[in-house]
Amino acid sequence: MGAERKAGLRSAGEPVSAGAAMKAVFLRDLKIAFRQRQDMLNPLLFFIMVVTLFPLGVSPEVSFLQQAGSGILWVAALLSVLLSLDHLFRHDFDDGTLEQLVLQPQPLFLLVLAKTSAHWVFTGLPLVLLAPLLGVMVHLDGNSIAVLCLTLLIGTPVLSFIGAIGAALTLGLRSAGVLLSLLIIPLYIPVLIFGTGTVAAAAEGAPVGGYLALMGAFLVLAATLAPFAAAAALRISLSNS
């Protein structure tokens, strides 16, 4: 598996462009994710269980679920993404692939961007696709479900990008999962607030364009700045390991 992870990172002798290196890292991570399906299925199963158990533990009343449904789904999605973050760099760190990425001539932040994008494809995107079914389960109307899916489509990549910084900072530490949660959850709060607020505004018939524009700004900032921060954190973690 270690050889397979490193495959495609270096060419036979010709220099590889940054775009080609990003594509190679992105496709390699997707291939590994599909071979290790448990890493992809665990966040999905957690997402389903949280949303399913919440009405049983709190209240199954339709009025309550309609009011709190968007918050339930957003919190469950946030925790599901958080659950998967520890694997973002861990496997590559364990088998030495991460050192190979750092030594590549291409900028490390672009390779981190590719890895984080692949992480979202097999972690965040399935949550977005599953959200309509669970939205019906908590009695959300059609318009609210559509807006919910749109906010998750914009917001879950932000969760992955921010989480990449925490995953890089805690790489190689003991009890990294607990520390990762303490570092990242406060940074997730604005995304959670605007995500649930957008759905609540849609349910009341209010315009949601401003909410979506702010979430889009969050996504642009995260995609622009987080790879730089995560790349710097990876170099620090590797130098201390």
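The environment of Tyr211 atom OH is sparse: at most 12 non-hydrogen atoms of other residues, nucleotides or ligands sit within 6.0 angstrom.
For Asp92 and Arg28, the salt-bridge test passes: some basic side-chain N is under 4.0 Å from an acidic carboxylate O.
Side-chain contact between Leu221 and Phe161: absent, with no pair of heavy atoms (C-beta onward) separated by less than 4.5 Å. The closest side-chain heavy-atom distance from Thr151 to Trp74 is below 4.5 Å. Put simply, the side chain of Phe228 does not reach to within 4.5 Å of the side chain of Val112, judged on heavy atoms. The shortest side-chain heavy-atom distance between Leu56 and Pro60 does not fall under the 4.5 Å cut-off. Contact of the Asp141 side chain with the Ser144 side chain is registered, since non-hydrogen atoms from C-beta on lie closer than 4.5 Å. Val208 places none of its side-chain heavy atoms less than 4.5 Å from the side chain of Val199. You'll find the side chain of His119 reaches within 4.5 Å of the side chain of Leu85, heavy atoms only. Here the side chains of Leu101 and Lys115 are in contact, with some heavy-atom distance below 4.5 Å.
When hydrophobic residues (I, L, V, M, F, W, Y) are linked wherever their side-chain heavy atoms come within less than 4.5 Å, Val220 remains an isolated member.
Taking each heavy atom of Ala167 and Phe89 in turn, the nearest pair found is CB-CD1, 3.9 Å. Leu83 and Asn42 make their closest contact through CD2-O, 4.2 Å (heavy atoms, listed as atom of the first residue, atom of the second, distance). For the residue pair Leu238 and Glu99, the shortest heavy atom distance occurs at CD2-OE2, 3.8 Å. The nearest pair of heavy atoms linking Ala230 to Ala164 is CB-O, 3.9 Å. What you find for Gly135 and Ile145 is that their closest heavy atoms are C-CD1, 3.8 Å. Scanning all heavy atoms of the two residues, the minimum distance from Ser80 to Pro43 falls at OG-O, 3.3 Å.
There is a path of hydrophobic side-chain contacts, each under 4.5 Å, that joins Val191 to Leu125. A single hydrophobic cluster is not seen to contain both Met137 and Val62; linkage of ILVMFWY side chains at heavy-atom distances under 4.5 Å, directly or through other members, places them apart. Both Leu127 and Phe34 are part of a single hydrophobic cluster, where members link through side-chain heavy atoms under 4.5 Å apart. Hydrophobic cluster membership differs between Leu171 and Ile165, with clusters built from Ile, Leu, Val, Met, Phe, Trp and Tyr side chains linked at under 4.5 angstrom. The hydrophobic clustering, which links ILVMFWY residues whose side-chain heavy atoms are closer than 4.5 Å, places Ile48 and Val136 together.
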Could you go step by step and tell me if Phe47 and Val51 meet the side-chain contact (heavy atoms from CB on, under 4.5 Å) rule?
CA-CA 6 Å; Phe47 183 54; Val51 177; 4.3 Å; yes

side-chain contact (heavy atoms from CB on, under 4.5 Å) between Leu150 and Thr198, worked out:
CA-CA 10 Å; Leu150 185 56; Thr198 304; over 6 Å; no

Start with the C-alpha distance between Leu192 and Val75, add both sets of side-chain angles, then the distance that settles side-chain contact (heavy atoms from CB on, under 4.5 Å), and finish with yes or no.
CA-CA 7 Å; Leu192 176 65; Val75 170; 4.0 Å; yes

For Phe54 and Val138: C-alpha separation, side-chain torsions, deciding distance, then whether side-chain contact (heavy atoms from CB on, under 4.5 Å) applies.
CA-CA 10 Å; Phe54 197 93; Val138 294; over 6 Å; no

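Considering CG of Leu111 and CG of Leu234, their distance stands at 10.5 Å, rounded to 0.5 Å. Taking CD1 of Ile184 as the reference point, atom CG of Leu159 lies at 10.0 Å (rounded to 0.5 Å). Here the CE-CD1 distance, from Met215 to Ile193, works out to 11.5 Å after rounding to the nearest 0.5 Å. Note that CG of Leu27 is 11.5 Å distant from CE of Met22, once rounded to the nearest 0.5 Å. With rounding to the nearest 0.5 Å, the separation of CG in Leu113 from OG1 in Thr224 is 9.0 Å. In this structure, the separation between CD1 on Ile185 and CD1 on Ile162 is 12.5 Å, given to the nearest 0.5 Å.
Classified by interplanar angle (parallel below 30°, tilted 30° to 60°, perpendicular above 60°), the ring pair His87/His91 is parallel.
The only option from Leu153, Leu73, Thr196, Leu134 that meets the side-chain contact (heavy atoms from CB on, under 4.5 Å) definition with Leu148 turns out to be Leu73.
The backbone N or O of Gln100 lies less than 3.5 Å from a partner atom in the side chain of Gln104, making a donor-acceptor pair. The backbone N or O of Ser160 lies less than 3.5 Å from no partner atom in the side chain of Thr116, so there is not a single donor-acceptor pair. Judged by distance alone, with hydrogens and angles left aside, the side-chain atoms of Thr123 form no donor-acceptor pair with the main-chain N or O of Trp120 at under 3.5 Å.
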